[in-house]
Amino acid sequence: MNGPYPVRLQGELAPNLSRWLWLLKWLLLIPHLIVLGFLWFAFMVLSVVAFLKQLRGGRYPRRIFDFNLGVLRWTWRVNFYGYGVLGTDRYPPFTLKERPEYPARLEIDYPEDQLHGQQLLSAWLAGIPQYLIAGVLGGSAGLLWSVEHSLVTGLIGLLVIVAAFLLVADGTYSRGLFDVIMGLNRWVIRVIAYGTLMTTAYPPFLLDKGEHEPGAESAAAASQTAPYGAEGG
């Protein structure tokens, strides 16, 4: 993979998680799941609209892209709080906008290079192996990661339940298990973005584990230590 992947998923594990709150999160998340049901219906319809527009030689409409990104951000916050990770006890906000103060964040670069016609169809069909993998990881046909892992399906859901029982047993969330769960969620969201044409970059067959994208921390450190004016300022 040359350079950072255009889909960047972050999630910071909270210290001192409640041992028992996870048992009630399914109930607390009902309002979110109701709203997300409508949002994801709109997401799928608008994704088809964007696909047809690109198929005829147009570009992915920027307003549709921004809306769909907002739906994915909302979904990721719900999944991180709920049974997609159980990484925080901070209740997720009801918004399509990015919330940089929340421990779960998602960014997707708008695709400047876009495919059309036969190339678009060929690229989408080339993603079939990735769609199948996402189905195994996320359950419920994979791309319904959206309707989140509240029913504990797929490999991610099973690993989160293991993490929950370990949390009950000793009051801590296994860091190694958290890193793997983050990597699996990162894999699935990359496939969703590719399958819905929000990026043309083929998802890598890599389990990029951890809270942050590979190289994100070192890049941030480098930018902080770079001499003033080193970037042409």
Side-chain angles (χ1 to χ4, degrees), residues 1-13 40 43-44 47 50-51 54 60 65 68-69 71-73 75-76 79-80 83-87 104-116 118-149 152-163 174-220:
M1 183 168 56
N2 296 322
Y5 193 73
V7 181
R8 297 176 294 280
L9 189 80
Q10 319 288 350
E12 295 154 4
L13 180 63
W40 270 86
F43 179 100
M44 298 308 295
S47 294
F51 173 79
Q54 287 181 273
Y60 198 117
F65 179 89
N68 285 353
L69 175 56
V71 174
L72 291 176
R73 283 172 170 164
T75 301
W76 171 230
N79 278 342
F80 192 77
Y83 303 100
V85 181
L86 292 177
R105 298 175 297 279
L106 172 66
E107 289 292 340
I108 302 176
D109 297 333
Y110 181 75
E112 297 299 337
D113 298 325
Q114 299 187 12
L115 303 176
H116 309 289
Q118 187 63 42
Q119 285 184 323
L120 181 69
L121 288 173
S122 298
W124 190 88
L125 290 174
I128 289 177
Q130 288 280 13
Y131 309 147
L132 295 175
I133 293 173
V136 173
L137 299 183
S140 304
L143 298 186
L144 294 182
W145 172 84
S146 58
V147 197
E148 84 118 67
H149 311 292
V152 191
T153 59
L155 178 59
I156 293 174
L158 294 177
L159 291 178
V160 169
I161 288 300
V162 172
S174 167
R175 170 61 69 170
L177 190 54
F178 172 81
D179 288 344
V180 171
I181 291 170
M182 280 294 300
L184 296 177
N185 274 285
R186 190 167 283 126
W187 192 316
V188 172
I189 192 63
R190 289 171 175 175
V191 174
I192 292 174
Y194 181 82
T196 55
L197 309 178
M198 295 181 71
T199 183
T200 57
Y202 194 81
F205 288 89
L206 293 172
L207 182 62
D208 289 326
K209 301 184 290 184
E211 293 184 336
H212 303 286
E213 291 287 335
E217 293 178 343
S218 59

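Interatomic distance, CG of L86 versus CG of N79, reported as 10.0 Å (0.5 Å rounding). Atom-to-atom distance recorded for K209:NZ and L177:CG is 10.5 Å, nearest 0.5 angstrom. Taking CZ of R186 as the reference point, atom CG of L206 lies at 11.5 Å (rounded to 0.5 Å). Between the CG atom of L197 and the OH atom of Y60 there is a distance of 7.0 Å, given to the nearest 0.5 Å. To the nearest 0.5 Å, atom CD1 of residue I156 and atom CD1 of residue I181 are 8.5 Å apart. To the nearest 0.5 Å, atom CG of residue L9 and atom CD of residue E211 are 11.5 Å apart.
Contact of the Y5 side chain with the R190 side chain is registered, since non-hydrogen atoms from C-beta on lie closer than 4.5 Å. Here the side chains of R73 and E107 are in contact, with some heavy-atom distance below 4.5 Å. The side-chain heavy atoms of R8 and H212, taken from C-beta on, include no pair separated by under 4.5 Å. Side-chain contact between F43 and L72: present, with at least one pair of heavy atoms (C-beta onward) separated by less than 4.5 Å. You'll find the side chain of N185 reaches within 4.5 Å of the side chain of V85, heavy atoms only. Side-chain contact between V180 and L184 is present, with at least one heavy-atom pair separated by less than 4.5 Å. Within the 4.5 Å cutoff, no side-chain heavy atoms of W40 are placed close to those of N68.
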CA sep, side-chain torsions, deciding dist, call: F205, Q130, side chain to side chain contact (heavy atoms under 4.5 Å, CB included): CA-CA 8 Å; F205 288 89; Q130 288 280 13; 3.6 Å; yes
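Contact record, A123 with L115: CB-CD1, 3.5 Å, taken as the closest heavy-atom pair. Among all heavy-atom pairs drawn from T200 and Q114, the shortest one is CG2-CA, 4.2 Å. In terms of heavy atoms, F80 sits closest to L13 at CZ-N, 4.3 Å. Minimum interatomic distance between W187 and L207 (heavy atoms only, all atoms of both residues): CZ3-N, 4.0 Å. Nearest heavy-atom pair across G127 and Y194 is CA-CE2, 3.9 Å. Taking all atoms of both residues into account, the shortest heavy-atom contact from A193 to I108 is CB-CD1, 4.1 Å.
The aromatic rings of W124 and Y131 sit tilted, their planes meeting at an angle between 30° and 60°.
Partners of Y110 according to the ring-ring contact (aromatic ring centres under 6.0 Å, His included) rule, which considers only residues two or more places apart in sequence or in another chain, are F65. Partners of L132 by side-chain contact (heavy atoms from CB on, under 4.5 Å), not counting sequence neighbours, listed by chain and number: I128. Partners of D179 according to the side-chain hydrogen bond (donor to acceptor under 3.5 Å, both in side chains) rule, which considers only residues two or more places apart in sequence or in another chain, do not exist here.
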